[in-house]
Amino acid sequence: MNDPDQEEISKRRGIYLPSFLIYGGVSGLYDYGPYGSRIKDNVIRIWKDMMLSEGNVAEYDGTSLTQISVLKASGHYDRFFDYSTECENCHTKFRVDDLLEKRNIEVRLDQDYLTRALKEDNIKCDKCGGELGEVKIHKLMFQVEQGQNSDPLFLRPETAQGIFVNFKEYYRFFREKLPFAIIQVGRGYRNEISPRKALYRLREFNMMECESFFDPENERWVNEPPDSFKVKMAANTGEEFFISPREAYERQIVKSQPLAYFIGKSFQFYVRIGLDPDRIRYRQHKKDELSHYSSDTWDAEALTSTGWIEITGIAHRGTYDLSRHIETSGKDLYAQRVIPSRKVMEEVVEIDYGLIKKKFVNDAPAVISALKNNQDFVTIKGEKIKLAEFLIKSHVEKIIDRENFIPTVIEPSFGLDRIIYSLFDQNFTTRAESGFNVLRIPSEISPYEAVVLPLMPNDSLDKVAREVFSQLLAKGGRVLYDESGSIGKRYARYDEVGIVYGITIDYDTLKDNTVTLRHRDTREQIRIPIKEIMNYVRSSPWNGKKN
RNA sequence: GCAGGUGUUGUGUAGCCUGGUAGCACAAAGGCCUUCCAAGCCUUUAGCCCGGGUUCAAAUCCCGGCACCUGCACCA
């Protein structure tokens with residue numbers, strides 16, 4: 001039997017669908033519908049809870065529109081343009097900067113220059129020797145006009161930069177103690193050349209990013225990498241391991257302790273939201289795969305029906321971003337560390353204004369400005385005057401017990417849409433006996449905790465069911481009500497969108513105030529009193545169970 | 001972005017070649033019936049991706065655009 005078609009179900013059942021569909025849609029843009037939005041929010045909520053529970057993590061929420069200077073500093077602006085050319089004979093595409101670099105020809109990001117360079121150096125197709133076509137530009141960031149004469153703004157290609165530029169706010173918030181981390185959930189925008197596979201490659205996408213900051217002399221997270229479980233790891237040496245994150249660090253397969261920690265943390269997160277632990281692996285980037293800012297990156301990948309796909313990148317960004325922002329903005333984004341205190345004598349030079357006024361009443365300003373210009377002499381009324389005598393030099397004892405440093409950054413960056421895509425891919429199953437679809441996601445990810453169903457829409461069953469529905473809503477339950485269609489049809493309807501519990505109001509309910517509780521995965525039923533529904537649904541041994 | 005293919009009610013599709021009232025199944029809504037896993041019967045809603053052209057007449061033929069699929073390239 002074929003796997004259920006995720007996109008078909010998602011569209012039909014309001015999980016996600018292409019944006020602006022009535023006008024034909026836009027490539028790379030997708031919306032979440034009534035069920036999908038709730039699933040997405042649940043994933044975000046759990047992620048935030050897990051990150052914030054570390055104790056030294058705080059949240060940031062920045063704008064999507066980003067100032068050009070930020071992106072110039074971060075290095076994204078230089079990669080704003082992708083210059084490509086195509087062989088007119090065999091239609092192979094090349095990046096023009098690659099072609100020039102290979103031949104040791106200077107690369108300038110300028111269309112005219114690159115076109116000329118290709119012609120003048122008579123560069124041909126690397127594959128077949130054919131003529132190369134014109135140089136085409138592809139903009140990789142979305143540009144937005146602002147006002148009339150102002151600089152344009154850009155839609156952020158990652159949420160991280162907003163965090164880096166606000167580093168000092170958080171440094172103070174955490175009482176100037178490292179390590180700490182800042183998390184942000186938000187949208188990023190990349191003008192992908194060809195978006196594909198529904199949620200897999202989008203032009204506007206949801207990211208959950210965490211920037212953790214360290215003293216490079218003590219690059220350790222507050223907690224140790226877990227060793228209670230093992231994960232699959234593929235190092236860029238070609239070696240593969242199945243070991244705990246702690247062991248991976250101890251054996252230096254993962255060189256950085258926090259990086260190993262976040263590998264463990266992300267794994268716990270995936271398992272909690274319902275990804276299959278056997279279908280998750282961590283793969284280290286090869287040297288030529290690394291981003292411009294990273295020295296070491298491990299991707300978390302999920303195995304889906306289309307192969308392993310990247311769902312999270314855990315990158316060691318070093319001091320790259322903060323140093324770039326220090327350099328470009330001229331602002332202090334340093335952290336400080338306490339060092340053994342030592343005394344230094346510092347020479348302090350002050351101008352003796354009293355003496356100057358006394359000696360030169362009207363010419364005092366000329367003398368003062370000469371001093372401020374660091375001149376040694378000044379000529380007043382034809383007389384050359386030595387200025388040294390108007391300076392008071394003293395020695396002050398100073399205690400130095402701090403020094404500046406640029407923190408290093410380790411960034412786990414979770415691709416929310418890809419995680420949801422993998423979650424559906426791994427958890428949509430078809431019942432062998434009936435052919436109906438079941439979305440087996442954990443209850444806390446489910447769009448609703450339960451659905452209230454009168455066995456029949458009459459005999460006052462519907463009336464009682466509505467009462468039960470209201471009671472559950474009043475208790476804060478995430479519940480739905482449905483009386484339309486046969487009971488079996490309704491069970492199937494909610495199986496398909498992942499709701500774990502069916503609460504059926506039947507004829508026994510009228511007698512003894514109990515209901516039938518039916519489980520999505522096992523289809524088993526039990527009776528429990530109305531009063532206990534909420535409690536049971538939230539704490540039941542069935543919760544999250546799979547079979 | 002290139003090459004090839006595809007686009008028909010909410011979903012899956014027939015019809016296109018050979019132009020002439022757009023059909024089926026499921027889903028959904030209303031009704032009858034019905035005491036736990038998509039039952040049955042009646043009724044209803046709802047569609048030719050968008051724009052232009054050819055033609056008396058276009059879902060059908062032609063052109064352009066958009067979207068999707070596969071491959072290539074791209075993925076900072």
Side-chain angles (χ1 to χ4, degrees), chain A residues 4-5 7-14 17-30 33 71 74-88 90-95 97-98 127 133-134 136-141 157-158 160 188 190-198 200-203 205 289-294 297 306 309-310 313 315 415 418 431 433-438 453-459 461 482 484-496 502-510 515-520 522-527:
Chain A
D5 180 342
E7 282 185 64
E8 186 266 313
I9 299 171
S10 292
K11 204 167 155 190
R12 179 162 50 77
R13 295 308 309 275
L17 71 166
S19 304
F20 315 119
L21 208 45
I22 66 164
Y23 289 109
V26 180
S27 183
L29 301 182
Y30 276 77
L71 297 162
S74 70
H76 288 98
Y77 186 80
D78 290 338
R79 293 161 182 77
F80 184 10
F81 297 118
D82 173 26
Y83 295 90
S84 63
T85 184
E86 187 178 321
C87 171
E88 287 172 349
C90 71
H91 297 289
T92 307
K93 258 202 149 188
F94 300 96
R95 284 186 64 113
D97 40 344
D98 285 349
K127 262 195 190 157
E134 57 175 328
K136 288 182 183 166
I137 309 178
H138 184 78
K139 296 181 176 185
L140 296 161
M141 285 197 292
E158 59 175 13
R190 292 180 191 185
N191 192 7
E192 298 286 355
I193 293 169
S194 92
R196 285 282 162 90
K197 289 202 176 65
Y200 179 65
R201 192 183 298 153
L202 296 171
R203 291 206 167 114
F205 51 96
E289 235 183 311
L290 290 167
S291 314
H292 64 286
Y293 48 72
S294 179
T297 297
T306 52
I309 64 169
E310 179 196 343
R418 290 178 173 194
R431 290 201 203 280
E433 67 282 7
S434 59
F436 303 138
N437 302 313
V438 188
L453 310 162
L455 186 61
M456 299 291 157
N458 46 33
D459 292 338
L461 292 174
D482 191 354
S484 140
S486 73
I487 189 68
K489 182 179 264 192
R490 281 177 279 159
Y491 286 147
R493 200 178 273 159
Y494 295 101
D495 285 348
E496 197 173 41
I503 298 162
T504 306
I505 280 53
D506 51 31
Y507 289 94
D508 288 341
T509 311
L510 303 179
V515 296
T516 300
L517 201 64
R518 180 261 191 193
H519 193 272
R520 177 193 67 201
T522 61
R523 303 196 298 170
E524 281 169 12
Q525 303 190 343
I526 56 166
R527 290 205 76 78

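A, B, ... follow the sequence lines: proteins, then strands. Residue 1 opens every chain.
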Exercise for review: Can you tell me the distance, in whole Å, between the NE2 atom of H76(A) and the P atom of C75(B)?
Suggested key: 13 Å

Point to revise | Check: S194(A) side chain, A73(B) base, donor-acceptor under 3.5 Å | key: yes

Practice item. Figure out the CD/P separation between E192(A) and C2(B), and round it to whole Å. Key: 17 Å

Review point. Counting any heavy atom closer than 4.0 Å, what does P18(A) reach on the DNA or RNA strands: base, sugar-phosphate only, or nothing?
Key: nothing

Review point. With sequence neighbours excluded, what pairs up with R523(A) under the salt bridge (Lys or Arg N to Asp or Glu O under 4.0 Å) test?
Key: E433(A)

Practice item. For the pair D495(A) and R518(A), find out whether any cationic side-chain nitrogen is under 4.0 Å from an anionic carboxylate oxygen. Key: yes

Check your understanding: Rounding to the closest angstrom, what is the interatomic distance between A22(B) and U45(B) at atom P?
Key -> 15 Å

Practice item. Between P157(A) and E7(A), name the one whose nearest nucleotide on RNA chain B is closer to the 5' end. Key: E7(A)

Point to revise | Side chain of N458(A) (C-beta onward), nearest among A67(B), C75(B), U34(B) | key: U34(B)

**Study point:** Side chains of R190(A) and M141(A) in contact at under 4.5 Å (non-hydrogen atoms)
**Key:** no

Check your understanding: What integer distance in Å separates E8(A):CD from G12(B):P?
Key -> 5 Å

Practice item. Quote, to the nearest angstrom, the C1' distance that separates A28(B) from U21(B). Key: 26 Å

Check your understanding: Across the strands shown, which category fits S291(A) at heavy-atom distances under 4.0 angstrom: base, sugar-phosphate, nothing?
Key -> sugar-phosphate

Check your understanding: What nucleotide among A67(B), U34(B), U70(B) has an atom nearest to a side-chain atom of P457(A)?
Key -> U34(B)

**Study point:** Complementary nucleotide for U18(B) - Watson-Crick or wobble, under 3.5 Å
**Key:** none

Check your understanding: Using purine N1 to pyrimidine N3 plus N6-O4 or O6-N4 for Watson-Crick, or N1-O2 and O6-N3 for G-U wobble, both under 3.5 Å, which nucleotide pairs with U11(B)?
Key -> A25(B)

**Study point:** Interatomic distance where CD1 belongs to I22(A) and P belongs to G51(B) [whole Å]
**Key:** 12 Å

Review point. Once the angle between the rings of H292(A) and H76(A) is folded into 0 to 90°, is it parallel (under 30°), tilted (30 to 60°) or perpendicular (over 60°)?
Key: perpendicular

Point to revise | C1' gap between U6(B) and A59(B), integer Å | key: 15 Å

Exercise for review: Send over the distance from L455(A) CG to U34(B) P, rounded to a whole Å.
Suggested key: 13 Å

Review point. Charged N to carboxylate O below 4.0 Å: is that the case for K11(A) and E7(A)?
Key: no

**Study point:** Test side chain to side chain donor-acceptor pair (under 3.5 Å) applied to S294(A) and S291(A), step by step
**Key:** CA-CA 5 Å; S294(A) 179; S291(A) 314; 5.8 Å; no

Practice item. Sticking with atom P, work out how far U34(B) lies from C68(B), rounded to a whole angstrom. Key: 50 Å

Review point. Once you round it to whole Å, what is the distance between C1' of C66(B) and CZ of R203(A)?
Key: 12 Å

Exercise for review: Taking the side chain as every heavy atom from C-beta outward, state whether R203(A) and N191(A) have any atom pair closer than 4.5 Å.
Suggested key: yes

Check your understanding: What nucleic acid atoms does G28(A) come within less than 4.0 Å of, heavy atoms only: base, sugar-phosphate, or nothing?
Key -> sugar-phosphate

Review point. For R190(A), which contact category applies under a 4.0 Å heavy-atom criterion: base, sugar-phosphate, or nothing?
Key: base

Exercise for review: Considering only atom C1', compute the distance from U11(B) to G53(B) and round it to an integer number of Å.
Suggested key: 33 Å

Check your understanding: Does R527(A) use its side chain to pair, donor to acceptor, with the backbone of L517(A) at less than 3.5 Å?
Key -> no

**Study point:** S19(A) side chain to L29(A) backbone, donor-acceptor under 3.5 Å
**Key:** yes

Check your understanding: Does any nucleotide pair with A3(B) by Watson-Crick or G-U wobble geometry, both distances under 3.5 Å, and what is it?
Key -> U70(B)

Point to revise | Nearest-angstrom distance, C1' atom, C16(B) to U60(B) | key: 4 Å

Review point. In Watson-Crick or G-U wobble terms, both distances under 3.5 Å, what is the partner of U60(B)?
Key: none

Practice item. For nucleotides C62(B) and C17(B), find the distance between their P atoms and express it as a whole number of Å. Key: 9 Å

Practice item. Provide, to the nearest angstrom, the distance between the CZ atom belonging to R201(A) and the C1' atom belonging to A67(B). Key: 17 Å

Exercise for review: Using whole Å, report how far CG of D482(A) lies from C1' of A27(B).
Suggested key: 13 Å

Check your understanding: C1' atom, A29(B) versus A46(B): distance in rounded Å?
Key -> 11 Å

Revision key, fill the gap. Per-nucleotide protein contact along nucleotides 37-45 of chain B, 5' to 3', at a 4.0 Å heavy-atom cut-off (B base, S sugar-phosphate only, - neither), is BBS------

**Study point:** Shortest side-chain distance from Y507(A), nucleotide among C68(B), U11(B), U35(B)
**Key:** U35(B)

**Study point:** Any donor-acceptor pair under 3.5 Å from D482(A) side chain to S484(A) backbone
**Key:** yes

Study note, to complete from the structure: U55(B) -> Watson-Crick or G-U wobble partner, both distances under 3.5 Å, gives none

Practice item. Would you state whether a donor and an acceptor, one from the side chain of D5(A) and one from the base of U11(B), lie under 3.5 Å apart? Key: no

Check your understanding: Across all strands, who's sitting opposite U45(B) as a Watson-Crick or G-U wobble pair, both distances under 3.5 Å?
Key -> none

Exercise for review: Give none if C32(B) has no partner; otherwise give the nucleotide forming a Watson-Crick or G-U wobble pair with it, both distances under 3.5 Å.
Suggested key: G40(B)

